[in-house]
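Hydrogens, waters and symmetry mates are skipped; everything else that's a heavy atom, side chains included, is used. For ligands, and for the atoms within them, numbers begin at 1 and follow the listed sequence.
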Amino acid sequence: MALICLILPCHGLSSIGNMKIHAIRHALPQARYQRCHECDTLFYLPDVKSNQSAHCPRCDARILNGRDWSMTRLTAMAVTMVLLMPFAFNAPMMSIRLLGTNIYASLTGGILQMAQQGDVITAAMVAFCTIGAPVSLVAAIGGLFLGNKLKMNVRPLLLMLDRLKEWIMLDIYLVGIAIASIKVQDYAAITPGIGLTAFIALTLLSLLTLIHLNVEQLWHRFYPQPAPRVALDKLRVCLSCHHTGTPDENGRCPRCHTSLPARSPLSLQKSWSALIASIIFLIPANLLPISVIWLNGARKEDTILSGVLSLGSENIPIALVVFIASILVPFTKVIVLTTLLLSIHFNCEQGLKTRIRLLRLVKWVGRWSMLDLFVISLTMSLVNRDQLLAFTMGPAAFYFGSAVVLTILAVEWLDSRLLWDAHATGNADYTD
Ligand SMILES: [Zn+2]
Ligand SMILES: [Zn+2]
């Protein structure tokens with residue numbers, strides 16, 4: 001079944017686009033005019049039912065997802081996650097018997113080792129993505145539940161929920177556990193611990209919650225907005241909460257109270273600076289050793305590439321995963337972002353759809369680059385017998401982690417509507 005959505009001729013475009021539709025439970029926010037947060041097209045958004053999703057007729061960005069859980073169900077998930085967290089974070093995930101001693105590895109143990117032996121900033125990055133972000137998710141859901149009952153201002157919580165999604169990296173850590181186990185098997189046999197079961201359960205629950213957490217629907221529930229009565233070309237879309245309306249007297253979004261400019265100010269400058277910093281950081285990240293192994297007093301260093309190569313001699317699929325996450329993804333991301341930013345400066349017309357798809361792809365895979373740091377943190381806590389046999393972090397880890405975080409920020413700061421503006425300046429019709 002197709003749901004027709006009308007595009008208004010405010011961008012030199014006047015065509016009818018199609019929206020996808022599936023089945024029915026309860027209605028979401030009322031039909032209204034909406035601008036796409038990615039390409040700024042204004043269109044009429046019909047009612048979207050619970051098993052439908054609405055996509056922008058011009059750039060196919062997902063505008064609205066019908067999937068939605070009630071506050072009670074979200075809170076139940078959050079409570080279960082809170083109960084699992086102490087076990088998932090602190091209980092031993094696996095143990096090995098090394099040189100006559102049992103060594104246990106846990107998530108917090110790995111991070112503490114990193115902070116003690118390596119450096120605090122890299123440990124903090126790992127801690128934020130694996131502990132800080134999931135705890136914030138649970139706290140935000142709890143805050144919403146209370147805020148709903150006590151009629152508090154929950155705008156900051158709703159704003160945070162939308163941004164948290166890509167920083168919750170439990171799934172990536174789980175893959176890291178698998179890779180670390182395969183690496184450590186060289187030295188000793190591994191026994192899985194109770195922490196691993198709790199961690200897998202926590203990861204599954206957080207993924208389910210993130211899939212069903214519909215921030216747009218929560219905004220609508222907590223802060224319903226009247227239909228704006230202004231000329232349609234005056235409507236702006238808020239990039240923080242995706243509400244389409246007009247700025248209030250202070251220039252703020254009427255729904256989330258963040259500033260509502262026509263385009264994000266300094267978007268290009270911020271994106272360029274994060275990108276250039278990440279390119280600079282990628283150089284030492286790839287040239288310096290990322291891990292150091294002490295074996296009977298002898299020191300063996302590995303860079304990212306030599307680590308992948310030595311892994312490749314034993315297990316090609318695992319080496320391929322690490323190669324994609326640590327080398328292919330960061331470099332592709334940097335190249336794609338540089339091309340996008342240059343195309344905005346030069347009002348480039350060609351291949352807009354390809355560029356948009358690439359931007360979405362690098363946004364989606366970018367977080368997987370943290371994988372190598374997670375593997376290092378786990379291996380460090382397992383293989384640690386002082387001078388006899390020890391695995392520690394090299395100086396490249398800090399540069400690598402920073403480069404990954406900076407590229408995520410560079411994508412976040414880029415206002416993708418500028419790509420379409422540059423395209424419009426080039427006066428070309430947007431065709432597939
Ligand atoms: Zn769009
Ligand atoms: Zn807003």
His242 near the Zn ion (ligand 2): N/O/S under 2.8 Å: no
Specify whether an N/O/S atom of His243 falls short of 2.8 Å from the Zn ion (ligand 2). no
Compute whether any side-chain donor of one residue and acceptor of the other, for Ser416 and Glu38, lie under 3.5 angstrom apart. no
Do Thr108 and Asn90 have a side chain donor and acceptor closer than 3.5 Å? yes
Geometry at the Zn ion (ligand 2) - Cys253 SG versus Cys241 SG angle, rounded to 10 degrees: 110°
Taking the Zn ion (ligand 1) as the apex, Cys59 SG and Cys56 SG span an angle, rounded to 10°, of 110°
Please check if the number of heavy atoms outside Phe89 that lie under 6.0 Å from its CZ is greater than 12. yes
Metal proximity, His257 vs the Zn ion (ligand 2), N/O/S cut-off 2.8 Å: no
Parallel, tilted or perpendicular: which fits the ring planes of Tyr33 and Tyr44, with parallel below 30° and perpendicular above 60°? perpendicular
Mind checking the CG-CE spacing from Leu174 to Met93? Nearest 0.5 Å is all I need. 8.5 Å
